[in-house]
Amino acid sequence: MGDQKSFREFKQYDHTFFEKEILAFWEEKNIFQKSITEKDPNKPFVFFEGPPSANGMPGIHHVMGRTIKDIFCRYKTLKGYQVKRKAGWDTHGLPIELNVEKELGITKEDIGKKISVEDYNAACRKAVMKYTDVWNDITKRIGYWVDMDHPYITYENKYMESVWWLLKNLYHQKLLYKGYTIQPYSPKAGTGLSSHELNQPGTYQDVKDTTVVAQFLAKPNDILPDNTYFLAWTTTPWTLPSNTALTVGPKIPYVLVKTYNQYTHLPVNLILAKPLVAKQFTGKYEAVEKEEELQYSEGDKKIPYWVGQEFLGQDLVGISYEQLLPYTLPYENSDQAFRVIPGDFVTTEDGTGIVHTAPTFGADDAKVAKDAGVPPMLVLDENGHPVPLVDLQGRFRPEMKELAGKYVKNEYYADGDAPERSVDVEIAIQLKEDNKAFKVEKYEHNYPHCWRTDKPILYYPLDSWFIKVTERKERMVELNNTINWKPKATGTGRFGNWLSNANDWNLSRSRYWGIPIPIWRTEDGKEELCIGSVEELKNACDAAVAAGFMKQNPLADFVIGDMSEANYQSFDLHKNYVDEIVLVSPNGQPMKRESDLIDVWFDSGSMPYAQWHYPFENKDKIDGHQDFPADFIAEGVDQTRGWFYTLHAIATMCFDSIAYKNIISNGLVLDKNGNKMSKRLGNGVDPFETIDQYGSDATRWYMISNAQPWDNLKFDVEGIEETRRKLFGTLANTYSFFALYANIDGVAAQPSERIPVNERPEIDQWVISLLNTLVKEVDEYYADYEPTKAARAIQDFISDNLSNWYVRLCRRRFWKGDYSKDKLAAYQTLQECLEKAAILMSPIAPFYSDFLYRNLKMDMEQSVHLADYPSVDHSVIDKDLEYRMDKAQKISSMVLSLRKRESIKVRQPLQKILLPILDDQFEEQIEQVKSLILAEVNVKEIEYLKDTSGIVKKSIKPDFKVLGKKLGPKMKDLAKAVNGFGQKEIETLEQKGSIVVSLGDENYELQLEETEIRSEDIEGWMVASQDGITVALDVNITDDLQFEGNAREIVNRIQKERKDRGFEVTDRIVINFEATDLINATIHSYKDYIATEVLANKINVVPSHDLNGDAFELEINDDKIKLSIQKA
RNA sequence: UGUGAUAUAGCUUAACGGUGAAAGCAUUUGCCUUAUACGCAAAUAGAUGAAGGUUCAAGUCCUUCUAUCACAACCA
């Protein structure tokens, strides 16, 4: 020891201590930067970071996601790749805007009035970075390595310019178009809503609406009798004035029902789907058998109905009907309206099987109507533009006469202003009076509400820009098939199906804080210009200034070609600036920007290119495939139709390429009961608290080892605690053990002489063999993106094999005797195992692994994260050795179990184990590990039972795998026959090597190799059996054994006393004692043994009164001994 | 409603289509064995969600159903 450097020793596993030390170390020595710069730039591993929105607090699921990303980036670094990881921030979008509005206490209408767009956007820009510090903090605390110093930020001009370039690329490919579609719309918020907003928790609410089954009178035709009405159900009667068609299922059977209207009592003929007759004709209605029985007059309690002729939906297609509520007509093709048309979406689940179709207020409606050439109910407004019958505030237009100006839903009125009768009710009453309502009733159903205003949404036709994704659908599917999805099913199933059914991508958002659509149009829409760069815009502005549309060029200060930050800060591409810009068309007309912003999902899908300001800078990163496509990305499975999709879509359409080669879509983090975490339930887990309490490594390890990343994780802190105890606690203890004795013996971190593995004891060879197997397996698991399997393999090795077998069996080698070759071998073996384990686990547990590694290396400059992944030494992998050690473990475990059954403690030596031997090879194997077993279970010898007839009972089982293929259907007979074998047949088979078995009409010669024979019981002995091995234990305790047991007991007690008194493990002592005759005899026989074990120089018998004051009494197996110990 | 996933001991998870379903936690019991009681050992425990089918053989493949979850959603 002396001056020599020693291993650091620790009392316990204390994550706060080493995490702090390691974080400081990483920072001080720039370990993260080094892990990139020290690698070969020509061997890149490309990773894309999905940008989190800094708008909300990080949750525990972010720890999960980031751990997964971190693991593979760190692993690839160990494997010598250069892994750049640029962080990113998603900074645009509605959630941010709504937060700001809430903070400022304004609504959308106030923007541009109470607050300028400029100030509003400034507030958004500020708000979005509100949680940056918290995010940076959690990133650091969980040890996620990502370059937070140079992130891409979606609101920066360079980023936005790249996005414009991509859009223009699509525009040139003629993939951008403007269309009129039905979208969810919130009248009170004044904006269309994205589907993601519609799926916020709590948006779908149960509401009671007035529903109407309306009667649409068929015009005279060849199929139906006069006075026939089509029945159609609606939960939104306010859309009935906009009805222009009725949709039927072509294959659905319909029937003609003769009956009377319950409100007007007039006779009517009704058409509805056959399966729904019983559902509609309830209450007062009563079926009759014959047409003649249709007798009814007002006041009768029952209304008779009679089911007549049957039709198929396709027979009804084309029949015209009278407009139900003729306020007005569609402004074009009104002659094509009011017909029965076919639609596949029609079901007979509820309603009437005939769907009221209002193309201005339903997406399905719009589609079937368009297919059938039926016009939507659009009228021309004051400016000659076609508009629906409801305005953008949700009120009826003037065409609606007495209903004009009324909101279509009472919820849209301010508190207290709502009329008693909603328009739904008014329309229902009117229909009843006009013999146009078959049934009016309240109906409770699920309807989406605006998550901000909490008012029901409207489906409303809006002008939008679309990307023609449908045109590239096939290519997207093709390219997707080349991507390695983890799990596979998400790629082929959820994502694949989604791709093959992809709709055109609605880009438009009528908001303020986002990337403006870079398209300028003339008033008549005949001329338009798509801008793809700041340079283009500046030049276009120059032309516009020359044409006199603008006084000056807002981009005057921008220097074309100068990529400096300063130059890019001389302007702003956000809405408030670019909306001021009026350009000039080729024909000299003024052009204004299309006022919408693009969907924020386009922002994030653009990140592979926009993060590098492609193609204005870093052209080669993309075109030269240096940083594109990604080798690896990972996000939550909820991004399947989000980021995963937008990345894929943009890469396919703009670059005809995949965007990522390997992808992990990880599952959700649920609470311990399997419920989704939510603020509402208050079952969310604060990641900071968790990490403070349990540490990052334990948290990360728990998450990865407990469930596959793509399965949902039921997050339970008890599991982290278990990981901390079982894995990290054990590992720390193993290291402490190593450090304690290595320091005593002056072991060096870098041994001068390395003992060849084949010269080390068997147990060393065994653990080194396992270690190399582990290195190989873990490498394969990581490479295959299977972190859970890697974690479990490492964990098993450390806690079961290294700690609980190797170290336990080898303890004595570390503290006994001189610094011999055997001792050195033990140190070197343990040291190597710990060091390599540290490297293997470092991707998952970056803190403790580094701490362990540096302590083992005794070098505070080194980091495990700069190490190379260990190479496998195949020459030291010995499967036979691993096999026989496994048997040794099993046999030991069985003997311990027998001891337990007989209540004989391990400290009491026993004479022998009986072990039946079924073949010579087995004996050879056991013989090699015999000493380990005997030491472990404290038994003197193993007696092999070879000539087993009559003593050992055996069982036999056919080898199904081999025989099944051979025999096929006869297998069952054979199994039956073999199961019926007695000891005699088994013996015959063993001796002759084969036996003839009769299988009904033929015989089969069963070979010994085609069976498995196991020992099951030993006659006259208490046995334990497991996996075909049976052991018996001789539990007879002779006097000698008793003495030895007592001696060990004494040693054990004295050791404890030493420990209690705080003696050093090297202190030598003197023992004085007085005891019973039996104990005296024991000590007499085992004096040397005891002295060596407890490091006693002398053991003296002394009379009781001569013992020191600190003497103490022990009970050894019912006998008493009084003794004192003191340092020599 | 559609798409996809999941369902194995009280809990969390294992198990190339080969037949006695394996661990850890929890529980019970015993052990302070000179690394570790935040530890060790042992014991107890399950007809693999239900019903069919394919097969000589099914926890594993197929069908239907049930439950849970996610995602997509305009049941008029």
Side-chain angles (χ1 to χ4, degrees), chain A residues 12-13 182 184 195 198-199 204 211 232-236 239 247 345-347 349-352 354-358 361-365 445-448 457 459 487 489-490 492-495 497-498 501 637-638 640-641 667-668 670 672 674-676 705-708 710-712 714 716 718-719 721-722 724-726 729-730 732-738 740-741 788 792 796 803-804 807-808 811 814-815 893 896-897 899-901 903 905-907 938 955 957-965 967-975 1048 1051-1052 1054-1056 1058-1059 1063 1065 1093-1095:
Chain A
Q12 57 190 1
Y13 175 84
I182 312 300
S195 54
L198 217 58
N199 278 284
Y204 277 81
T211 67
W233 180 53
T234 180
T235 54
T236 52
T239 61
T247 307
F345 66 95
V346 181
T347 67
E349 291 291 308
D350 48 21
T352 62
I354 301 174
V355 177
H356 145 59
T357 303
F361 301 112
D364 277 342
D365 302 29
H445 65 144
N446 217 258
Y447 195 82
I457 61 105
Y459 290 92
T490 302
T492 53
R494 189 191 279 196
F495 193 67
N497 291 346
W498 166 253
N501 299 317
V637 67
D638 52 332
T640 307
R641 277 135 186 185
L668 299 162
L670 309 170
K672 65 175 177 180
N675 299 312
K676 199 177 174 178
S705 64
N706 193 55
Q708 302 262 43
W710 35 89
D711 286 332
N712 289 344
K714 288 183 189 165
D716 187 351
E718 271 182 47
E721 176 59 27
E722 190 186 322
R724 202 189 61 70
R725 263 185 7 234
K726 288 206 71 95
T730 305
N733 262 321
T734 309
Y735 168 76
S736 306
F737 173 85
F738 169 80
L740 174 68
Y741 291 105
T788 308
R792 287 176 181 170
D796 285 351
S803 168
N804 272 330
V807 175
R808 195 149 60 90
R811 272 189 308 228
F814 289 88
W815 54 264
S893 164
L896 291 173
S897 140
R899 272 182 171 276
K900 170 90 177 189
R901 228 184 289 170
S903 315
K905 51 179 72 171
V906 179
R907 220 173 292 125
N938 198 15
S955 73
K957 195 182 87 170
D959 183 338
F960 283 91
K961 204 167 180 176
V962 172
L963 290 168
K965 283 194 182 109
L967 296 174
K970 297 236 146 93
M971 189 61 217
K972 258 187 179 156
D973 294 334
L974 182 89
R1048 283 186 166 229
V1051 167
N1052 167 251
I1054 294 173
Q1055 297 291 21
K1056 182 182 183 296
R1058 286 181 56 116
K1059 205 178 180 187
F1063 290 7
V1065 287
E1093 289 297 309
V1094 302
L1095 304 181

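Not measured: the values here are computed from a predicted model. Every chain is numbered from 1 and lettered A, B, ... according to where its sequence line falls, protein lines coming before strand lines. FYI, side chains are in, hydrogens and waters are out, and symmetry mates aren't considered; it's all heavy atoms of this structure.
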Whole-Å distance separating the [atom1] atom of [X] from the [atom2] atom of [N]:
X	N	atom1	atom2	answer
A:Phe495	B:A72	CZ	P	13 Å
A:Asp796	B:A22	CG	C1'	12 Å
A:Phe737	B:U33	CZ	C1'	13 Å
A:Leu974	B:G18	CG	C1'	13 Å
A:Asp711	B:U6	CG	P	7 Å
A:Gln708	B:U12	CD	P	16 Å

Within the 4.0 Å heavy-atom criterion, would you say A:Ser736 contacts the bases, only the backbone, or no part of the nucleic acid?
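Result for A:Ser736 = nothing.
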
Need one value for A:Ala707: base, sugar-phosphate or nothing, where a base atom within 4.0 Å counts as base even if backbone is also close, heavy atoms only.
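Sugar-phosphate, backbone atoms only, no base.
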
[atom1] gap between [N] and [M], integer Å:
N	M	atom1	answer
B:U55	B:C62	P	16 Å
B:G20	B:G53	C1'	26 Å
B:C69	B:G52	C1'	26 Å
B:C61	B:A15	P	12 Å
B:U8	B:C71	C1'	27 Å
B:G24	B:A43	P	11 Å
B:G30	B:U13	P	33 Å
B:U48	B:A22	C1'	13 Å

Please check the phosphate of [N] (OP1 and OP2 only) for any side-chain N or O of [X] closer than 4.0 Å.
X	N	value
A:Asn1052	B:U33	yes
A:Tyr13	B:C38	no
A:Lys905	B:C31	no

Whether the side chain of [X] engages the backbone of [Y] through a donor-acceptor N/O pair (distance < 3.5 Å, no angle test) should be reported.
X	Y	value
A:Arg792	A:Asn706	yes
A:Ser736	A:Ala732	yes
A:Asn712	A:Gly667	no
A:Arg808	A:Asn804	yes
A:Thr357	A:Val355	yes

At under 4.0 Å between heavy atoms, which parts of nucleotides 39-48 of chain B does protein reach? Answer with one letter per nucleotide, 5' to 3': B base, S sugar-phosphate only, - none.
SSBSS-----

With sugar-phosphate taken as primed atoms, P, OP1 and OP2 and all else as base, the protein-contact string of nucleotides 53-68 of chain B at under 4.0 Å (heavy atoms; B, S, -) is ---BS-----------

Nucleotide of B:A70, B:U13, B:A35 approaching A:Arg792 most closely (side-chain heavy atoms)
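Closest nucleotide among those given: B:U13.
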
Consider the side chain of A:Arg907, meaning its heavy atoms from C-beta on, and name the nucleotide among B:A76, B:C32, B:A14 that approaches it most closely.
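Of the options given, the side chain of A:Arg907 lies nearest B:C32.
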
For the residue pair [X] and [Y], establish whether any side-chain heavy-atom pair is separated by less than 4.5 Å.
X	Y	result
A:Leu963	A:Leu974	yes
A:Thr640	A:Trp498	no
A:Asn938	A:Arg1048	yes

Does A:Ser803 make a side-chain donor-acceptor contact with the base of B:A35, cut-off 3.5 Å?
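A donor-acceptor contact between them is present.
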
Donor/acceptor link under 3.5 angstrom from A:Arg494 side chain onto base of B:A72
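Looking at the base of B:A72, it does not pair with any donor or acceptor on the side chain of A:Arg494 (distance under 3.5 Å).
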
Please classify B:A47 as syn or anti, treating any glycosidic angle within 90° of 0 as syn.
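The base of B:A47 is oriented syn (glycosidic angle within 90° of 0).
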
Decide, yes or no, whether a salt bridge links A:Glu721 with A:Arg724 under the criterion of side-chain N to carboxylate O below 4.0 Å.
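A salt bridge links A:Glu721 with A:Arg724.
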
Taking it one step at a time, do A:Trp710 and A:Thr490 satisfy side-chain contact (heavy atoms from CB on, under 4.5 Å)?
CA-CA 9 Å; A:Trp710 35 89; A:Thr490 302; 6.0 Å; no

Expected output check: what is the dot-bracket annotation of RNA chain B, where ( ) and [ ] are pairs inside the strand (brackets for crossing ones), | is paired with another strand, and pairs are Watson-Crick or G-U under 3.5 Å?
(((((((..((((....[...)))).(((((.......))))).....(((((..]....))))))))))))....

